[in-house]
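These notes concern the structure reproduced below.
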Amino acid sequence: MTTLRFPTEFVWGVATSSYQIEGAALEDGRGESIWDRFSKTPGKVRDGTNGDVACDHYHRFREDIALMKSLGIRHYRFSVAWPRILPAGRGKVNQAGLDFYGRLVDALLEAGIEPFVTLYHWDLPQALQDEGGWAKRSTAEAFAEYAGVVAKFLGSRVKKWITHNEPWCAGILSHQLGIHAPGLKDYRTALAASHHLLLSHGLAVPIIRAASPGAEVGITLNLTPSEPASPSAADHDAARHFDGHFNRWFLDPLFGRRYPVDIVADYIAAGHLPPEGLTVVQPGDFEAIAVKCDFLGINYYNRTVLRSDKVPEAQNEPRQVFLAPEKEWTEMGWEVHPNGLRDTLLRVHLDYRPRKIYVTENGASYSTPPGADGRVKDEQRLAFLRDHFAAAHRAMEAGVPLAGYFVWSLMDNFEWDRGYSQRFGIVWVDYKTQQRIPKDSALWYRGVIAENAVQVP
Ligand code: IFM
């Protein structure tokens, strides 16, 4: 065994999001979100479930904090549900919603756990969707208002802020592929939505900074190394395109480079954009989006291998193929590929030079249930995390300024269009009784945090 030591100040944490765990969907004045509407639309969520109850964290947050404390966790990334704060998306503030997060943050601080607050993890107020949602510029302005309300209320207690979680998902998966709420399938709408998501980040950062002096503010992107399936020029071009579509479309404008010209040209050629390009961009938008942040959050799950064949329907993206099918896959159907994390961290460091990086999510879906002895022996998840921690360590040795790592997720939860069929938690949740059982991976993680080191074979 080799021991990989991490720097003294390294942040080890766990992550969740509001709609996935809170439940209490109809309580204390919370407004409807696009995920309430979407999940209750037949056929949208595979097992027909929704987040009405989820892990009932809204009522059980004190027990969940005690559980985190018992696992030695000292950093917790969670998200605020916008419709709890502004049920109509803007305007009238729901004090009961703010108070919930006030109680949560106070209890975390009392337990010695630092909150990392994400403002948008996909639960847009339905009232804003009814006006056109992220496809409309007014939603970016409403987000800035919402960010200000939350930052003013929590700003003296919370010092780590993430504006958005995974704008590719909120923009493209939700508006072009139709897999997430609001379930639209229109490329131009998706690109307009993506622009307004980025713009809303740019508008919110100075507002958060003003309300939360000394805070660190950043954004979280989901990134994937984009690799050609063969040495052919065509496969290389497919990988270039996918990288631009998925990674650079968000990284480039955030780091002052505007939208990648090759992808704008691809979109125009494919009819996804009109010949004049992205018409929703207004003067000053790129400067706002490129606001200097204190860190970049990266969510990493797998790589993407591309070949040049086009999928037949409108989606018109290069087909993804996965090499090495003899290797391990998680129950999401995602290849286990730890080196992709090292590659992603290095690439972002070398190409964009963020001041600091956090891995804000990494984890694996395996449904290993409790055995007769009540123990959850999730060896695959443990090995997955160990190997990804080691990959992150290799990236740090190569100079990446990685400051922390959040395991997705603290507990099993509502996995969006897959409902409750996927279990990412290091803590098992029995959805009938709401009993929590720390899995073997959680007990192992407690040791990693205590030692600030990972043992690898
Ligand atoms: O559960 C999600 C999370 O909400 C965002 N990142 C990916 C996770 C696993 O799919």
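Both ligands and their constituent atoms are indexed starting at 1 by order of listing. Worth saying up front: this structure is predicted, and the values here are computed from it rather than measured.
- Contact shell of ligand 1 (protein heavy atoms, cutoff 4.0 Å): Gln20, His121, Trp122, Asn165, Glu166, Tyr301, Trp334, Glu361, Trp408, Glu415, Trp416, Phe424.
- Ring geometry, His241 versus His245: the interplanar angle falls under 30°, so the pair is classed parallel (tilted spans 30 to 60°).
- Partners of Thr41 according to the side-chain contact (heavy atoms from CB on, under 4.5 Å) rule, which considers only residues two or more places apart in sequence or in another chain, are Lys44.
- Using modelled atom types, no side-chain atom of Arg46 and backbone atom of Gly419 make a donor-acceptor pair closer than 3.5 Å.
- Shown are Asp36, Asp52, Asp123; of these, the salt bridge (Lys or Arg N to Asp or Glu O under 4.0 Å) with Arg30 is made only by Asp36.
- Applying the side-chain contact (heavy atoms from CB on, under 4.5 Å) criterion to Glu27, with sequence neighbours excluded, gives Ala24, Tyr58, His59.
- For Arg347, the salt bridge (charged side-chain N to carboxylate O under 4.0 Å, His left out) partners at least two apart in sequence or on another chain are Asp243, Asp351.
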